[in-house]
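Since the structure comes first, as structure tokens, the remarks are kept for the end.
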Amino acid sequence: MSSVLRAGPSRPPRILVVGAGPGGSVAAIALRRELPDAEVTLVDKATFPRDKTCGDGMGPGARRILEQLGLTEVFERFGTPTGVAISGPGGVSAAIEKSTIAHGDFRGYVVPRLDLDEALKNAAVEAGVTFREGVSFQGIEMSDDAGGAVVRLARDGTGQGGTTTPAVGHDPAAETGVTTEAYDLVVGADGAYSAVRRALGIARPAKKDTIIAMRAYATVTHPERVLADTLWFDFIDELLPAYGWIFPLPGDRANVGIGIPVDLLAQREQKLGELFDVYLADLRRRGFEVTDVGSHATHQLPHGARQAMTAGPYPVVLIGDAAATINTLSGEGIFYAMAAGVQLAEHLAAARASGGDDALRGTGVLQTVRSFERAFTRRFTRHHRTCGLGQRLMRSPRWARFTIHSVGRDQSAMATVTSMMFDEGSVGISHVLKAAVRGALRA
């Protein structure tokens, strides 16, 4: 192998982050902040800047993390919606009103992933992270030296540079070959089709726990509505159980898309592209002017399953899409990925403060990442359960109509729904039961 982990109190921890999306880059930044002496390497199989299929929408949860990291100035030129609007069957609607915004900050961002990922990657480099593009994760095994991981990385011969500083143990002579490098910890943030997850033997979520989404960029206006300040969601008759969205960008451009559980799409006669056209036609019927529609792009969003974030003897932890943390109600996943990266870094720092460097190495780091997994799961269990129930309700025209009509009459309820869709809000079972009773009585 080209590098080994050598024990000793003076050796800084070595951490590899696989995947330079929002989760991976934010994790790398947070790791450098919480563990200033750590040698953090961030790799991605793509060369940057690169696009990624996404809705591009971020809510208040993601915005707070970007503020915490001092990165909000980077995104000021993009859309900054202040609220959420939802429409449903029979013309019902609900929206955050300005009076509610005064009592809660619901601002978010809409930033194309081409720009978002590039900015966050650059911020990671500025934080002292070693970034290497065109480098793919090939496999992992345990090290015999100090209980760390030996990772196989392949350099893509088409990559154009991208190494800011040589990684410790990295062999420059093997730029287009496979190298083996040793790390105390590996963070798998490499998306829904995660190679790290496959190497751990963790299966992908089932079709019933996967949403397939399609998006395109278009020019979208409306003669009577201001679209630029709102994240728009449509749970309408023509789409259910799919949902549609309009996320505004500068210059009347918007990210327009649809999402539907994979298993339910298989039950429909329409293909995904045909369903997308149905949505565009319905928008135009409702007075939206949709022009200059670009090419479609699709992506799968794993969610809902209680997927493991750690496995076996490996000092590895999965975050973001690789860990199937997608919001079942809105399809949003950027917030969870970034929240996991920050919480992981804070958890590692706390473990080191109480247990010394042993908490970041060998069997110690295994215990630390498993403790993080339990803490992160506890944090979001109720939230994910509530969103899952909400998503199932929104599949039914009757329940979607009742739910949207109800929250449209109660700004406090709409604030909770917004927090469920783009933050970590939840509701108690008693509220759900009361709503169910009211719905049954009105049916």
Output yes when a side-chain donor or acceptor of [X] lies under 3.5 Å from a complementary backbone atom of [Y], and no otherwise.
X	Y	answer
Gln411	Ala95	yes
Arg198	Gly139	no
Thr381	Thr377	yes
Ser330	Glu332	yes
Thr130	Thr41	no
Arg32	Ala127	yes
Asn327	Phe422	no

Query raised in the report: Can you list the steps and then say if Val220 with Glu289 is a side-chain contact (heavy atoms from CB on, under 4.5 Å)?
Result: CA-CA 6 Å; Val220 184; Glu289 296 180 5; over 6 Å; no
Query raised in the report: Would His296 and Tyr217 count as a close aromatic pair, with their ring centres under 6.0 Å?
Result: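 Between Tyr217 and His296, which both carry aromatic rings, the centre distance is not below 6.0 Å.
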Requested in this report: Taking the six-membered ring for Trp and the full ring for Phe, Tyr or His, determine whether the centres of Tyr109 and Phe78 are under 6.0 Å apart.
Outcome: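 That pair fails the under 6.0 Å test.
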Query raised in the report: So Ile404 and Trp399, side-chain contact (heavy atoms from CB on, under 4.5 Å) or not? Walk me through it.
Result: CA-CA 8 Å; Ile404 295 171; Trp399 284 107; over 6 Å; no
Going by distance alone, is a donor N or O of one side chain under 3.5 Å from an acceptor N or O of the other, for [X] and [Y]?
X	Y	answer
Ser136	Gln138	yes
His303	Tyr336	no
Gln300	Arg204	yes
Thr179	Glu181	yes
Arg253	Thr219	yes

[X] with [Y]: basic N within carboxylate O range, under 4.0 Å:
X	Y	value
Arg50	Asp117	yes
Arg370	Glu373	no
Glu238	Arg286	no
Glu126	Lys121	no
Asp51	Arg215	yes

Requested in this report: Would you check, one step at a time, whether the test side-chain contact (heavy atoms from CB on, under 4.5 Å) holds for Leu265 with Ile212?
Outcome: CA-CA 9 Å; Leu265 177 63; Ile212 186 167; 3.8 Å; yes
Query raised in the report: Applying the side-chain contact (heavy atoms from CB on, under 4.5 Å) test to Val187, which of Val18, Ile319, Leu42, Val316 qualifies?
Result: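 Exactly one candidate clears the test, Ile319.
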Query raised in the report: When Glu424 is tested against each of Arg382, His383, Arg379 for side-chain hydrogen bond (donor to acceptor under 3.5 Å, both in side chains), which residue passes?
Result: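 When Arg382, His383, Arg379 are each tested with Glu424, the side-chain hydrogen bond (donor to acceptor under 3.5 Å, both in side chains) holds only for Arg379.
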